[in-house]
2 protein chains.
Amino acid sequence: MSENVDSILGDQASVPAAAEFARRCRDVGLADTPQRRVIFAALTSSKDHPSAEVLHGRVKERLPRISLATVYRNLSLFVEKGLVDGVATASSHARFDANPHKHHHLICKSCASVTDVYSAAYDALGVDRLESGGFEVQEIKVTGYGLCPRCKTKETNDA
Amino acid sequence: MSENVDSILGDQASVPAAAEFARRCRDVGLADTPQRRVIFAALTSSKDHPSAEVLHGRVKERLPRISLATVYRNLSLFVEKGLVDGVATASSHARFDANPHKHHHLICKSCASVTDVYSAAYDALGVDRLESGGFEVQEIKVTGYGLCPRCKTKETNDA
DNA sequence: GTACGTGCAAAATATTTGCGTTACC
DNA sequence: GGTAACGCAAATATTTTGCACGTAC
């Protein structure tokens, strides 16, 4: 791992961007490694929202020896530290709900529990409010992320 | 599979509820089977939002021979037909996003593509608007589900 | 009676982990 | 130099599928 990182990153991650990434890593207590730079740069320059596996494919073009495990490990860390955003899509690890009343969800970031919540204000949100550029929006869901009462207590005690 | 379904369902699914379920199945073109009744009843009587595996455990108490595959198959069908709601949680099959600007997501129900969308109205939604009962809401995300332009075109042509 | 649904077991897919080596600070 | 990170490969976890048999309508 003695390659020139700037040349690896090329024009998708200019030197200032690399310095900015190094600073953000320091802020959250992560080492600034070539792998992390390339993963982050690849994600930043992606217009779509790649999965870990797709991103690994792109990153390998620049660091052919990088492992999928490293991509998974670092994406988890980036999400945990708030450097990137994880988007939950359907299927895997899905949870199910047969509550027929209009409601929204609160998801605990710590224990992943799901709580139903009722909000007249959110119920009133219209599909038309999303400027959707050709996308046919059929349904809108509002989800709050945070800490459930149990995990909030635990976190307070740990600290 | 000649057991008495009413006794299997017990008080968690009264006879009227069973009839109601049969009607809803008919409406969406699904056969009314004992497995489906029990899966649906178990979900309806769950206060939490169980995963497929957890639900399978509960359903097995009533139908010990039911397979996990049947639970997966039927949950997918129920979601597809709108009888139950699938809640996407973090981790598995996650997609990632390094867009630092405040934005929301549109997810295509057909191809699972994710599109960023900007909405001043949604950005203005406050955390305080969710009556959260002890849950510490740190972040709110609005997600629209529907058909992306590409899939909408395809669906129109298929029909 | 026929098409659909189920159980079983195997396959496919996705994600995590242990461990020896290497690189960051 | 010590700790954190990496690559590799194996282990887990999750979800889907083929097939033979049984059941709903």
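Letters A, B, ... mirror the listed sequences (proteins, then strands); counts begin at 1.
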Would you kindly give the [atom1]-to-[atom2] distance between [X] and [N], to the nearest whole Å?
X: B/L68; N: D/dT16; atom1: CG; atom2: C1'; value: 11 Å
X: A/E53; N: D/dT14; atom1: CD; atom2: P; value: 17 Å
X: B/E80; N: D/dT16; atom1: CD; atom2: P; value: 12 Å
X: A/H56; N: C/dT16; atom1: NE2; atom2: P; value: 15 Å
X: B/I66; N: D/dC21; atom1: CD1; atom2: P; value: 21 Å
X: A/K60; N: D/dG7; atom1: NZ; atom2: C1'; value: 13 Å
X: B/R37; N: D/dT23; atom1: CZ; atom2: P; value: 14 Å
X: A/I39; N: D/dA5; atom1: CD1; atom2: P; value: 12 Å

Side chain of [X], backbone of [Y]: donor and acceptor closer than 3.5 Å?
X: A/H56; Y: A/V71; value: no
X: A/K81; Y: A/G29; value: no
X: B/R58; Y: B/P50; value: no
X: B/R95; Y: B/A112; value: yes

Q) Under the criterion side chain to side chain contact (heavy atoms under 4.5 Å, CB included), which of B/D85, B/I39, B/V79 is the partner of A/F96? A)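 So, applying the side chain to side chain contact (heavy atoms under 4.5 Å, CB included) to A/F96 and each of B/D85, B/I39, B/V79, only B/V79 qualifies.
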
Q: Could you pull out all residues at least two apart from A/S76 that satisfy side-chain contact (heavy atoms from CB on, under 4.5 Å)?
A: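 For A/S76, no residue satisfies side-chain contact (heavy atoms from CB on, under 4.5 Å) once neighbours in sequence are set aside.
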
Can you tell me if the side-chain N/O atoms of [X] get under 4.0 Å from OP1 or OP2 in [N]?
X: A/R36; N: D/dC6; answer: yes
X: A/Q35; N: D/dG7; answer: yes
X: A/S51; N: C/dA14; answer: no

The side chain of [X] is closest to which nucleotide in this list: [options]?
X: B/A69; options: D/dT15, C/dC24, C/dC8; answer: C/dC8
X: A/S67; options: D/dC6, D/dA24, D/dG7; answer: D/dG7
X: B/D32; options: C/dC8, C/dG5, D/dC25; answer: D/dC25

Q. Does the distance from a Lys or Arg side-chain N to an Asp or Glu carboxylate O, for B/D27 and B/R23, drop under 4.0 Å?
A.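 So B/D27 pairs with B/R23 through a salt bridge.
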
(Q) Under a 4.0 Å threshold between the charged nitrogen and the carboxylate oxygen, would B/D32 count as salt-bridged to B/R37? (A)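 Salt bridge flag = yes for B/D32 with B/R37.
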
**Q.** 5' precedence on DNA chain D between B/T33 and A/R65 (nearest-nucleotide basis)
**A.**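 With B/T33 and A/R65 compared, the 5'-side residue is A/R65.
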
Q: Find the bend of the helix from C/dG1-D/dC25 to C/dC25-D/dG1 as the angle between its two terminal axes (five pairs each), to the nearest 10°.
A: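 One end's axis against the other's: 50°.
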
Q.
Can you confirm whether the side chains of B/H103 and B/D97 place a donor and an acceptor under 3.5 Å from each other?
A.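 Yes.
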
(Q) Which residues in residues 70-78 of chain B have a heavy atom closer than 4.0 Å to any atom of DNA chain C? (A)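 Only B/T70, B/R73, B/N74 qualify.
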
Q) B/H104 pairs by side-chain hydrogen bond (donor to acceptor under 3.5 Å, both in side chains) with which of B/T115, B/D123, B/T143? A)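 Between B/H104 and the candidates, side-chain hydrogen bond (donor to acceptor under 3.5 Å, both in side chains) is satisfied uniquely by B/D123.
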
